[in-house]
Number of protein chains: 2
Amino acid sequence: MELTERKKKVLRSVVDLYIRTAEPVGSKAITELPDMNYSSATIRNEMADLTAMGYLEQPHTSAGRVPSAAGYRLYVDELMQDYRLSMDETNSITAAIEEKMQRVDKLMEKVAKIVSQATDLPAISLASRFGGAEVKHFELITAGPGSVILVVMLTSDEVVNKLIRLPVSVTESDLKLLSAVLNTTMTNLPPEGFTPELMERVMDNAGPAASLVPVVVEFTVETLQKQGSTNMAVAGQMRLLGQPEYRDVDKAQRVLTSLDEEALSNLPAVMQNANGTKVLVGPENVAQELKDTSVVMTKFDIGDGLQGMIGVVGPTRMDYAKVTARLSYFAESLSKMFAKPEQAQLPEGREEE
Amino acid sequence: MELTERKKKVLRSVVDLYIRTAEPVGSKAITELPDMNYSSATIRNEMADLTAMGYLEQPHTSAGRVPSAAGYRLYVDELMQDYRLSMDETNSITAAIEEKMQRVDKLMEKVAKIVSQATDLPAISLASRFGGAEVKHFELITAGPGSVILVVMLTSDEVVNKLIRLPVSVTESDLKLLSAVLNTTMTNLPPEGFTPELMERVMDNAGPAASLVPVVVEFTVETLQKQGSTNMAVAGQMRLLGQPEYRDVDKAQRVLTSLDEEALSNLPAVMQNANGTKVLVGPENVAQELKDTSVVMTKFDIGDGLQGMIGVVGPTRMDYAKVTARLSYFAESLSKMFAKPEQAQLPEGREEE
DNA sequence: TTTAGCACTCTATAGTATAGTGTGCTTAGC
DNA sequence: GCTAAGCACACTATACTATAGAGTGCTAAA
């Protein structure tokens, strides 16, 4: 059977209506739409065809139609009308983003919160690093008797520090010597490069401050390894409860629990090669718990080896047009913000507590 | 009417049973308990008395009894049997805690997660600072052309840093001069001490690196102000959905939303003068959304001017004995952990991204 | 090709009957 | 003066039935 223009129009109307009402859509409701000058019988025939083609489903014989996963897919790919963001919406998104954030994890939390607010759905945001960092520069500073501050600057221009307490005091010149040794031998190395042999060699040359070396190495390796990790935040989980398909507490709990348990960690993989906004309709989701749920995701650029992603989780019957529009605008605004040099303070280390 | 021993025993049994079953408790159920050698009629009389005294409530004429808020209060204060943690429980709690954590906010997240797991209820954890910090030491380090790393050590022994980018290069000796000036004039000051006049005076003496001063001051003041803030984490919100009293999605959503929106920020105030574990039964809660909900909280010591608190939110019909036992054990273990010096690495600044 | 008409299916809702649980009260026993 | 047994009464939860309403599919006519 061929998918005529009129069939597409009917399908779009069904999806639109179903998104609005969450109730199965009958033929009469379609005829009442403006721009639909056919009788309900005609629409019924078309709907019967669409059902046969797999785009619609019938909960039971005498109910209206509901879009199938394939129906949503077609809707998202071809039929959906672009949703235009109102000035109010863009303004509030922009305002929310402009608040400066200095630490990636805090930023991700904030972003997830805002996205969730903007879409009234649970939102995920994550920042993953591609390519590991190496150490660019070591510095050791005296900080009172028995205390030394280690400052490590990475190739990604992030700066981390650690307070080291010693049983004995070391002089400033001892530290200077050690710093020099560290900077000549231990910079520009991947975490695997910090072998016991290297450490031994450094300790032999490090002079009186040699006892510091193991602590320095341990901290550095740990830091480098953490560089490869992903920062993820989930926000607004409970907004899912507002959706009629989750009046069933058990169902809601299943989905929400899976959101919490980082079953989402495979989402970045899905986005790897994708560009722009990606929509995963129900069964297209890998995670079993999300088979009944749709995910909309989009990438944005943080710069400095960081790849950001924001996404939203909701019922398959979510307002894809609105959600994708907001998400895209969001991603764009974020990318722009990080491109502005005076705002791009992000990877500069900043410690709160 | 007097509250005889037997009445207390009946009340305790009713609360215990109701906690277990979440169903109104009838007189027959009580008689079937071991150690209850009275007929149902006698129990009925006692229950009628307890109802008259306000400790029990009747959903309707021919239903069993349910504890009132006053009933729970009495139960918590006097009747509750101490719950003994099993080895398994203490072990799993201890194991969970021993994982070292370096940053307060991350630690609070982790703690909230564990507490929620241990109690199967939503959990809150927070760390609030009493007494503001001041700057103990400034240090400026060159980090390649046009980049300077500012390291600030606070009186609390926390270390924070910031990468500053400059349009011009400054020499190491310029930075040394500036560091010295900063250390003589701007240490041991509260945030209000950083007046424009002081800043001007410092800039006059700072030599070629004077342009750095405004950035340094802004960052320092911001950091000091953040010291006073509270770190808070909520975890396991969706566990509330497992409780039968929250089968009603709307009710669950109301409570969960209030958990999210930091309506809990006044909880620390409640704990201020309290010692040990504190239980807030339903209407004793200040927050309107929690009137139907009980909160159990306890304090723990992080040291270094930080006060920790963990708490759990659940239906008034929660297992107070179990929850308070676990919470107290938790708090104790955490306090102990922070008291051990080799574990107490917490306030030593550590930056991830 | 479209549409009007109609019989049919299915659901949601209200109303009714019934079994079961629990109470309060009265009365009898210790 | 307690305690217990018995009984009428109250109320809920559950199943069952009837009914209205919405929507369909099919047929036949325009």
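Model, not experiment: these values are computed from the prediction. Below, chains carry the letters A, B, ... as their sequence lines are ordered, and counting in each starts from 1. Just so you know, these numbers use all the heavy atoms, side chains as well, and skip hydrogens, waters and symmetry mates.
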Residues 46-69 of chain A vs side-chain hydrogen bond (donor to acceptor under 3.5 Å, both in side chains), sequence neighbours excluded, gives A:Arg6-A:Glu46, A:Lys7-A:Glu46, A:Lys7-A:Asp49, A:Thr51-A:Arg65
Pairwise 5' ranking along DNA chain D for A:Gly64 and B:Thr42, keeping only the more 5' one: B:Thr42
Of all residues at least two apart in sequence or in a different chain, which pass the salt bridge (charged side-chain N to carboxylate O under 4.0 Å, His left out) check with B:Lys251? B:Asp292
Calculate the interatomic distance between A:Lys7 atom NZ and C:dT1 atom P; express it in whole Å. 10 Å
Partner residues of B:Lys8 under the salt bridge (charged side-chain N to carboxylate O under 4.0 Å, His left out) criterion, sequence neighbours left out: B:Glu5, B:Glu78
Please state how far atom CZ in A:Arg65 lies from atom C1' in D:dG23, giving the value in whole angstrom units. 9 Å
Please give, in whole Å, the distance from D:dG25 P to A:Leu50 CG? 12 Å
Sequence-distant partners of B:Tyr72, ring-ring contact (aromatic ring centres under 6.0 Å, His included), two or more places apart: B:Tyr320
Test salt bridge (charged side-chain N to carboxylate O under 4.0 Å, His left out) applied to B:Asp88 - qualifying residues, sequence neighbours left out: none
Check nucleotides 11-14 of chain D against the protein and report each pair of N or O atoms closer than 3.5 Å, with its distance, or say if there are none.
from, atom 1, to, atom 2, distance (Å)
D:dC11, OP1, B:Thr61, OG1, 3.2
D:dC11, O4', B:Ser62, OG, 3.1
D:dC11, O2, B:Ser62, OG, 3.3

Assess whether atom CE of A:Met87 is packed by more than 12 heavy atoms of other residues, nucleotides or ligands within 6.0 Å. no
Report each atom pair, protein N/O against N/O of nucleotides 4-8 of chain C, whose distance is under 3.5 angstrom.
from, atom 1, to, atom 2, distance (Å)
C:dG5, O6, A:Arg44, NH2, 3.4

Test salt bridge (charged side-chain N to carboxylate O under 4.0 Å, His left out) applied to B:Asp82 - qualifying residues, sequence neighbours left out: none
Can you confirm whether A:Lys28 is buried at NZ, in the sense that more than 12 heavy atoms of other residues, nucleotides or ligands lie under 6.0 Å from that atom? no
Donor-acceptor pairs under 3.5 angstrom involving side-chain atoms of residues 232-245 of chain B: please list them, not counting sequence neighbours.
from, atom 1, to, atom 2, distance (Å)
B:Arg239, NE, B:Ser116, O, 3.4
B:Arg239, NE, B:Ser116, OG, 2.6
B:Gln243, OE1, B:Arg317, NH2, 3.1
B:Glu245, OE1, B:Arg317, NE, 3.1
B:Glu245, OE2, B:Arg317, NE, 3.0
B:Glu245, OE2, B:Arg317, NH2, 2.6

Touch check for A:Asn45, heavy atoms < 4.0 angstrom, all strands: base, sugar-phosphate only, or nothing? base
Nearest-Å distance, CD (A:Gln58) to P (C:dC10)? 11 Å
Taking atom P of D:dG1 as reference, at what distance in whole Å does atom CG of B:Asp49 sit? 16 Å
Of all of residues 10-38 of chain A, which get a heavy atom below 4.0 angstrom from DNA chain D, listed by number? A:Gly26, A:Ser27
What donor-acceptor contacts under 3.5 angstrom involve side-chain atoms of residues 119-126 of chain A, with partners at least two apart or in another chain?
from, atom 1, to, atom 2, distance (Å)
A:Thr119, OG1, A:Val115, O, 2.8
A:Thr119, OG1, A:Leu121, N, 3.4
A:Ser125, OG, A:Met108, O, 2.7

Pairs satisfying salt bridge (charged side-chain N to carboxylate O under 4.0 Å, His left out), at least one member in residues 12-21 of chain A, at least two apart: none
Here the distance between atom C1' of C:dT23 and atom CG of B:Leu56, to the nearest Å, is 14 Å
